[in-house]
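In what follows, a structure is listed as structure tokens, so that the remarks can point back to it.
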Amino acid sequence: MTHHQTADALEAAEESAGDLDAADTRARAEVAEWRRITDLLFDHGGPYAPETDAYAQGQLTARRNRRAAS
């Protein structure tokens, strides 16, 4: 995804959520994640890829480690 595409997705998530103070946890989390990705791509110059997102990779590693420990 490009910065423009993530900005559009962020706008759609914000519109869907309505008032964020009154929105449910899922809607607030979705808006927060789109904001994070949009900010990440602000000066990136290339498309978004989860493989290059340190936060996403950290989350995936933590999940794998949690499953391995179980």
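All values below were derived from every heavy atom in this structure, side-chain atoms included, with hydrogens, water molecules and symmetry-related copies excluded. Just so it is clear, the model here is predicted, and its values are computed rather than measured.
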I need the [X] [atom1] to [Y] [atom2] distance, nearest 0.5 Å.
X: Glu33; Y: Thr6; atom1: CD; atom2: OG1; answer: 11.0 Å
X: Asp8; Y: Met1; atom1: CG; atom2: CE; answer: 8.0 Å
X: Ile37; Y: Asp53; atom1: CD1; atom2: CG; answer: 6.5 Å
X: Trp34; Y: Asp39; atom1: CH2; atom2: CG; answer: 13.0 Å
X: Leu20; Y: Glu30; atom1: CG; atom2: CD; answer: 10.5 Å

key: Asp24 side chain near Arg28 side chain, heavy-atom distance below 4.5 Å   = no

note = For Ala17 and Val31, the nearest pair of non-hydrogen atoms, with its separation, is CB-CG2, 4.2 Å

inquiry  = Tell me the closest heavy-atom pair linking Thr38 and His3, and the distance in Å.
reply    = O-CD2, 3.2 Å

key: Polar side-chain atom of Gln5 near backbone of Thr2 as donor-acceptor pair, under 3.5 Å   = yes

inquiry  = For the backbone of Pro50 and the side chain of Gln57, can you confirm whether one donor and one acceptor N or O come within less than 3.5 Å of each other?
reply    = yes

ask   = Should Arg64 and Thr61 be marked as a side chain to side chain donor-acceptor pair (under 3.5 Å) after you check the CA-CA gap, both sets of side-chain angles, and the distance that decides it?
value = CA-CA 5 Å; Arg64 282 192 299 270; Thr61 299; 3.2 Å; yes

